[in-house]
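Numbers here simply count residues along the sequence, with the first being 1.
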Amino acid sequence: MPRLIVMTQPGKTRLVPLQTPDTRIGRAATNDLVLDSERVSRFHAVVTVGDAFVSIRDLDSRNGTTVNGSRVDEPQVLTNGDSILIGDCQMRFLAGDQEVTPVEALRLMTIPGLLVDLDKQNGP
């Protein structure tokens with residue numbers, strides 16, 4: 001099941017499973033993933049889980065959505081390890097079912113490139 005690692009505050013993370021078909025993200029309480037930040041729009045972005053891929057789409061938010069540093073203007077297909085910024089909230093996309101401890105989740109958010117190392121640990 002695809003998931004997002006969400007940096008909730010410095011030094012704290014949480015794993016959010018992505019719902020099928022859509023996970024709505026924003027500041028409003030009616031979203032599936034609520035982000036409490038003034039830089040996040042009430043209805044900011046949506047992540048769509050399809051049969052073959054997962055994509056993210058910005059919902060014309062004021063502060064935008066970026067994937068790996070590039071602004072998302074059209075639906076963007078996500079790949080394992082992509083860094084996502086919604087307003088000022090940092091996230092990391094996990095495509096697979098690998099187990100991630102809270103310590104590993106924090107390391108994945110703060111140290112680039114570690115996802116490859118995690119894949120090797122959980123590989124065949």
Side-chain angles (χ1 to χ4, degrees):
M1 169 184 293
R3 296 170 287 169
L4 292 175
I5 301 173
V6 180
M7 181 76 79
T8 55
Q9 56 183 296
K12 300 285 185 188
T13 60
R14 69 178 166 140
L15 286 173
V16 177
L18 296 173
Q19 300 176 20
T20 304
D22 294 324
T23 300
R24 295 199 170 270
I25 303 170
R27 199 175 67 238
T30 56
N31 287 291
D32 302 306
L33 173 54
V34 177
L35 300 174
D36 185 24
S37 169
E38 288 299 317
R39 291 192 45 88
V40 174
S41 296
R42 287 180 297 138
F43 304 101
H44 199 105
V46 62
V47 177
T48 300
V49 178
D51 291 335
F53 56 85
V54 177
S55 64
I56 190 167
R57 179 173 48 97
D58 188 78
L59 298 175
D60 296 323
S61 65
R62 183 175 354 138
N63 292 306
T65 300
T66 64
V67 175
N68 299 326
S70 297
R71 190 173 179 112
V72 173
D73 293 321
E74 296 185 13
Q76 166 89 37
V77 173
L78 296 172
T79 60
N80 196 36
D82 279 348
S83 294
I84 301 166
L85 187 64
I86 292 183
D88 58 356
C89 297
Q90 296 178 340
M91 300 175 207
R92 191 105 185 245
F93 174 68
L94 298 178
D97 291 330
Q98 68 265 38
E99 292 296 319
V100 179
T101 68
V103 171
E104 288 171 327
L106 180 59
R107 289 181 65 216
L108 288 170
M109 290 298 297
T110 57
I111 303 172
L114 281 180
L115 200 55
V116 172
D117 298 334
L118 183 63
D119 287 340
K120 289 178 185 173
Q121 289 175 3
N122 292 318

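For the residue pair M1 and P17, the shortest heavy atom distance occurs at SD-CB, 3.2 Å. Heavy atoms only, all atoms of each residue included: G96 and N80 are closest at N-OD1, 4.3 Å.
With contacts defined as side-chain heavy-atom distances shorter than 4.5 Å, the pair V6/T13 does not qualify. For the pair V34/D36, no side-chain contact is recorded, criterion being any heavy-atom separation below 4.5 Å from C-beta on. Counting only heavy atoms from C-beta outward, the side chains of V72 and T66 never approach each other to under 4.5 Å. Residues V16 and I5 are not in side-chain contact: their nearest non-hydrogen atoms beyond the backbone lie 4.5 Å or more apart. Side-chain atoms of P2 and V49, non-hydrogen and from C-beta on, do get closer than 4.5 Å to each other.
Considering OG of S41 and CG of L59, their distance stands at 9.0 Å, rounded to 0.5 Å. For the atom pair SG (C89) and CG (L35), the distance works out to 4.5 Å, reported to the nearest 0.5 Å. Expressed to the nearest 0.5 Å, how far CD of E38 lies from CG of N63 amounts to 10.5 Å. Distance check, rounded to the nearest 0.5 Å: NE2 of H44 to OG of S37 gives 9.5 Å. A distance of 9.0 Å separates CG in L15 from CG in L4, rounded to the nearest 0.5 Å.
The only option from V77, V54, V67 that meets the side chain to side chain contact (heavy atoms under 4.5 Å, CB included) definition with D82 turns out to be V67.
One hydrophobic cluster, built from ILVMFWY side chains closer than 4.5 Å, cannot hold both F43 and I84; they sit in different ones. Hydrophobic clustering (side-chain heavy atoms under 4.5 Å, transitive across Ile, Leu, Val, Met, Phe, Trp, Tyr) keeps M91 apart from V46. Linking Ile, Leu, Val, Met, Phe, Trp and Tyr whenever their side-chain heavy atoms come within less than 4.5 Å leaves L85 and M7 in two separate clusters.
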Throw together a table of side-chain donor-acceptor distances under 3.5 angstrom for residues 18-31, partners on residues two or more places apart or in other chains.
unit_1 : atom_1 : unit_2 : atom_2 : d
D22    : OD1    : T48    : OG1    : 2.8
T23    : OG1    : Q19    : N      : 2.8
R27    : NH1    : V40    : O      : 2.5
N31    : ND2    : A28    : O      : 3.0
N31    : ND2    : R42    : O      : 2.7

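Put simply, the side chain of N68 gets close to the backbone of S83: a donor and an acceptor are under 3.5 Å apart. Formation of a donor-acceptor pair under 3.5 Å by the T65 side chain with backbone atoms of I86 is not found in this model.
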